[in-house]
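Worksheet: the structure to be examined is printed underneath.
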Amino acid sequence: MRSRRARRWSVSTDASLAIASFFAPGSIAVVGASANPQKIGYVVLDNLQRGRYGGRLYAVNPRSPRILGLRAYPDVLALDEAPELAILTVPTRAVAKVLDQCGQKGVRSVLIITAGFRETGPAGRVAEDELVATARRYGMRLVGPNSVGVINTSARLNATFAETAPVQYEVGMFSQSGAVAAAILDWARSIDLGFSKFVSLGNMADLNEVDFLEYLGQDVDTKIIVGYLEGISDGRRFMAAAQRVTKAKPLIVIKVGSTPGGARAARSHTGALASAEAVIDGAFRQAGIIRAITMAEFFDAILCFSYAPLPNGGRVAVVTNAGGPGVMAADAIERMGLSLAELSHETRQALAEGLPPAAALGNPIDVLGDAAADRYQVALEAAQADPSVDALLALLTPQRVTEPERTARVIAHLARQQAKPLLAVFMGGAAVGRARAMLDEMRVPVYAYPERAVRALAAMVRYRAYLNEAG
Ligand code: COA
């Protein structure tokens with residue numbers, strides 16, 4: 001991986017200190033705030049207000065005296081104080097001048113949402129370099145340009161123009177694509193998954209993915225870090241930071257643009273330089289980064305790492321109410337380097353006592369098509385207690401007598417009992433929709449297909465092995 005950040009400078013303020021101003025500013029000015037609900041400058045201010053941001057909030061706009069109930073100032077210089085954070089939603093042509101005014105005013109942190117710089121070609125690159133030079137002159141730090149914004153749920157800060165605001169939870173996210181991030185926020189909201197902090201990095205003229213990775217690595221509100229990357233600004237620094245962070249928290253990264261075609265697309269998106277597939281793969285593995293190749297894998301891993309404890313090993317018990325899904329799960333388990341647990345004599349005995357004679361007591365444990373929630377309880381409890389089981393899968397397909405919702409409750413209850421991951425796979429459509437939503441609410445990782453659950457589980461097993469090796 002080559003460094004494209006030769007022009008990075010070292011400033012006296014540590015990046016992490018600067019980032020704190022983006023995530024928890026005492027005051028914010030939205031420069032380019034607008035009274036027109038169709039404008040980004042309106043949405044950003046509106047999102048801040050709706051999110052009940054508690055600091056001092058200023059609107060800056062030379063044309064309107066009042067915006068969203070706030071007095072609007074004609075420019076940054078007219079503000080009563082230097083805001084801790086300035087958010088720029090002015091048109092591209094106005095950014096350079098506004099940034100200079102921010103510098104004159106004494107603003108230290110500037111989030112530039114406006115697009116139209118490096119990603120547009122040579123002239124944009126020059127314009128972006130000029131922004132960097134201005135920031136350097138005044139000692140300002142930048143996020144963006146071309147950013148969707150930042151979120152910190154614990155500070156009630158939604159400084160984005162995203163449609164969906166996340167609920168509070170323990171996932172910290174950095175993304176080199178604002179649009180992908182917005183989609184992830186929306187997906188997460190639909191399944192009740194929350195975030196601690198979120199940053200859309202934009203073009204990374206100044207602060208980049210490594211700075212935020214280091215910050216999130218130290219952040220007490222963040223237990224899992226997830227990242228969408230198109231390019232890596234400084235490979236060596238990124239890997240060194242990842243190596244430190246992954247010893248304490250899982251880091252799940254989707255790195256796209258590693259094929260020649262993808263690399264070309266990435267260059268015209270954020271101007272990022274991508275690296276070869278094999279190099280990325282090896283480097284990620286060494287640094288303990290959980291790599292997702294597809295968006296589906298990325299989502300699935302986020303869910304699993306967010307809600308389930310890490311398994312001690314890869315021996316899996318499968319409980320199912322149908323043979324087919326059990327076979328699919330068994331295939332996936334072997335394909336992905338895990339194994340079906342050999343159930344102990346005691347476990348088989350408990351199963352024989354609690355299940356009907358026709359039930360299959362091996363592994364997969366088939367509780368039969370007419371199983372109600374109580375049979376899942378018997379089987380899952382027995383398997384959970386078995387020391388030769390590291391992780392469990394509860395598979396359900398809807399038959400007439402199946403109780404998807406009651407079974408979901410049983411699974412959620414048992415998932416909380418033991419420090420072994422228990423993943424649910426509820427296959428089907430309308431008949432299992434409500435149960436899936438309940439599992440989401442109760443923070444149990446739930447999947448629509450066995451292979452997706454097994455792949456996510458396999459990532460956890462590999463991460464556990466990495467932690468064991470790393471000591
Ligand atoms: N100081 C303060 N406000 C200023 C200003 C200045 N120097 N110059 C202009 N403004 C105001 C305008 O008056 C306008 O407010 P109004 O609606 O009250 O007139 C507001 O800033 C926006 O300017 P406008 O010319 O209407 O631009 P726009 O809203 O059409 O576009 C951006 C501005 C930032 C949205 C646009 O340039 C852009 O970059 N869009 C893409 C952003 C993006 O997608 N980023 C993330 C990518 S993932």
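Order of listing sets the numbers, starting from 1, for every ligand and every atom in it. Here, residue 1 is the first one in the sequence, and each next residue gets the next number.
Heavy atoms of Tyr42 stay at 4.0 angstrom or farther from ligand 1. Residue contact annotation: Asp75 has no non-hydrogen atom under 4.0 Å from ligand 1. Residue contact check for ligand 1: Ser147 places a non-hydrogen atom closer than 4.0 Å to it. Taking 4.0 Å as the cut-off, Gly41 does not count as a neighbour of ligand 1 on heavy-atom distance.
Two residues are said to be in side-chain contact when any heavy atoms from C-beta on lie closer than 4.5 Å; Val245 and Ile225 meet this criterion.
Distances below 4.0 Å separate heavy atoms of Val98 from the following atoms of ligand 1: 7 (N). Of all atoms in ligand 1, listed by their number and element, those nearer than 4.0 Å to a heavy atom of Val148 are 48 (S). Heavy-atom proximity to Arg63, at under 4.0 Å, picks out these atoms of ligand 1: 12 (C), 13 (O), 19 (O). Atoms of ligand 1 lying under 4.0 Å from any heavy atom of Val60, numbered from 1 in the order shown and given with element: 2 (C), 3 (N). Close approach of ligand 1 to Ile40 is summarised as follows: ligand atoms under 4.0 Å from at least one heavy atom of the residue are 35 (C), 42 (C). Using a 4.0 Å cut-off to heavy atoms of Val90, the atoms of ligand 1 that qualify are 1 (N), 2 (C), 3 (N), 4 (C), 5 (C), 6 (C), 34 (C).
On a distance-only criterion, Asn36 and ligand 1 share no N/O pair closer than 3.5 Å. Note: an N/O pair closer than 3.5 Å links Lys39 and ligand 1 by distance alone. The N/O atoms of Thr89, backbone and side chain alike, include none that comes under 3.5 Å of an N/O atom in ligand 1. For Val31, no nitrogen or oxygen atom sits less than 3.5 Å from a nitrogen or oxygen atom of ligand 1, counting backbone and side chain alike. Considering backbone and side-chain atoms together, Ile113 places an N or O closer than 3.5 Å to an N or O of ligand 1.
Shown here for Ser200 and Gly178, the closest heavy-atom pair between the two residues is OG-CA, 3.7 Å. The two residues Asp281 and Arg291 come nearest to each other via the heavy atoms OD1-NH1, 3.0 Å.
Between Asp75 and Lys97 there is no salt bridge, since none of the side-chain N atoms of the basic residue sits less than 4.0 Å from a carboxylate O of the acidic one.
Note on ring orientation: taking the six-membered ring where Trp is involved, the planes of Phe23 and Phe212 are perpendicular (angle over 60°, cut-offs 30° and 60°).
Other residues, nucleotides and ligands contribute only 12 or fewer heavy atoms inside 6.0 Å of the OH atom of Tyr449.
When only modelled atom types and interatomic distance are considered, Tyr138 and Asp100 share a side-chain donor-acceptor pair under 3.5 Å. Ser154 and Asp221 are linked by a side-chain donor-acceptor pair at a separation below 3.5 angstrom, with hydrogens and angles left out of the test.
With atom 9 (C) of ligand 1 as the reference point, the heavy atom nearest to it among Ala94, Ser177, Pro91 is part of Pro91.
Residue contacts with ligand 1, taken as heavy atom pairs separated by less than 4.0 Å, do not involve Tyr73 at all.
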For this session: Mind running side chain to side chain contact (heavy atoms under 4.5 Å, CB included) on Glu209 and Met204 for me, showing each step along the way?
Result: CA-CA 8 Å; Glu209 74 282 352; Met204 302 179 297; 3.0 Å; yes

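Stacking of Arg71 on the aromatic ring of Tyr73 is recorded, both the 6.0 Å distance cut-off and the 45° axial limit being met.
Of the candidates Thr153, Asp219, Thr222, Lys197 forms a side chain to side chain donor-acceptor pair (under 3.5 Å) with just one, namely Asp219.
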